[in-house]
Amino acid sequence: MKVLVVLALALATVSAGALPKVLPVHPRDRTVNPSIEGRITNGKDAVENQFPYQVSLNFGSNSGGWFCGGSIISAEWILTAAHCTSGASSVTVGYGATVRTAPKLSQTVSSSSFVQHASYNSIVLRNDISLIKTPAVAFTAAINKINLPAISSSYSTYAGQTAVASGFGKTSDASTSVASNLQYAELTVIPNAECANTFGTLIVTDRVICVGTYNGVSTCNGDSGGPLALKDIQIGVVSFGSSAGCEVGSPAGFTRVTYYLEWIKENTGISA
């Protein structure tokens, strides 16, 4: 809630076109329901090995723990959101899980293995991207990497295309139950101008990609940091949605991966 108050104050002097009509919030920070467990709202059950690049991330800190998603981009690197790594002292990575509590492999690493974007700004949700270095994993049918976009795709908006989000986030705004199965949802990428009608141009920059959340299908608490994929290429990282809830029909925002390809390469050596 503190973040929302600071954001409101920070936006008070900004021009009307930049102001959000709906306050954005990271899924991890939603207070509609205190639980961060569950799944994508109104999603579908994933089958075994359908999303081998999906990982579960259980973060720990001196003040408690939280759950996020992430994606495998190489045998030694996980891609996730900065708002997931922020404040954490360690993370346990779960690989190859269709049933969330039964990963094929688990590894725990300390925050010294985090590469959080140095310019992450939690007020305007800018540069919401992090990397986690892990001991190398062997790829199998259940555990494998997702490809990054080619540099030549850097100017693609993807608007109108159908992408797939996956994760273990909440099933509904009212849900308190823990989902046992990995969920996924097909979501249509919308133009940034349309997304800015809700969240304003201060939030929706060229570093962001948005999807429509029709019929209550959306990412939610617990999905933070997870992947948005288009034909097995990751184009987004779950970043923000409406503070009013996951099922209200407002767009969902993702960190746009194409904007950060050079940053990823500089820190990992990985290029498409």
Side-chain angles (χ1 to χ4, degrees), residues 1-33 40-41 68 80-84 86 116-130 154-161 163 165 169-170 173 185 187-221 223-228 230 235-260 263:
M1 184 57 67
K2 228 180 258 186
V3 170
L4 297 182
V5 172
V6 173
L7 176 58
L9 293 173
L11 295 179
T13 59
V14 180
S15 63
L19 293 171
K21 295 176 183 175
V22 174
L23 283 178
V25 64
H26 292 313
R28 172 189 158 189
D29 298 328
R30 272 198 183 98
T31 56
V32 174
N33 188 307
I40 284 174
T41 58
C68 281
T80 189
H83 77 268
C84 288
S86 182
Q116 183 172 299
H117 198 289
S119 298
Y120 167 58
N121 185 318
S122 62
I123 304 302
V124 292
L125 320 184
R126 194 77 43 85
N127 302 312
D128 188 18
I129 191 167
S130 280
S154 294
Y155 298 102
S156 177
T157 66
Y158 301 110
Q161 298 193 60
K170 283 173 57 176
D173 288 321
L187 301 163
T188 302
V189 178
I190 62 174
N192 272 21
E194 182 179 337
C195 190
N197 287 336
T198 298
F199 295 117
T201 56
L202 187 64
I203 303 297
V204 184
T205 67
D206 56 357
R207 306 172 192 215
V208 167
I209 188 169
C210 294
V211 300
T213 63
Y214 312 114
N215 302 315
V217 179
S218 180
T219 51
C220 202
N221 307 52
D223 290 320
S224 287
L228 180 70
L230 181 64
I235 61 172
V237 175
V238 177
S239 180
F240 65 87
S242 169
S243 60
C246 309
E247 297 181 276
V248 297
S250 296
F254 298 74
T255 302
R256 185 181 291 271
V257 173
T258 52
Y259 188 92
Y260 295 94
W263 179 83

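Computed from a prediction, not measured in an experiment: that's the story for all the values here. We count residues from 1, following the sequence as given.
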message: Taking side chain to side chain donor-acceptor pair (under 3.5 Å) as the criterion, tell me which of Thr255, Thr258, Asn127 meets it with Arg207.
response: Asn127

Measure across [X] and [Y] and return the closest heavy-atom pair with its distance rounded to 0.1 Å.
X: Leu125; Y: Ile203; value: CD1-CG2, 4.4 Å
X: Pro251; Y: Thr198; value: CD-OG1, 3.6 Å
X: Asn192; Y: Val204; value: O-CG1, 3.6 Å
X: Cys210; Y: Gly253; value: SG-CA, 4.2 Å

For the atom pair [atom1] ([X]) and [atom2] ([Y]), what is the distance rounded to the nearest 0.5 Å?
X: Ile129; Y: Gln116; atom1: CD1; atom2: CD; answer: 11.0 Å
X: Thr213; Y: Ile190; atom1: OG1; atom2: CD1; answer: 8.5 Å
X: Leu228; Y: Asp223; atom1: CG; atom2: CG; answer: 11.5 Å
X: Ile235; Y: Thr157; atom1: CD1; atom2: OG1; answer: 9.5 Å
X: Phe199; Y: Ser243; atom1: CZ; atom2: OG; answer: 8.0 Å
X: His83; Y: Ser239; atom1: NE2; atom2: OG; answer: 6.5 Å

Can any side-chain N or O of [X] pair as donor or acceptor with the backbone N or O of [Y] at less than 3.5 Å?
X: Asp206; Y: Tyr259; answer: no
X: Arg256; Y: Thr205; answer: no
X: Asp128; Y: Tyr120; answer: no

- prompt: Does any non-hydrogen side-chain atom of Val238 lie less than 4.5 Å from one of Phe254?
  reply: yes

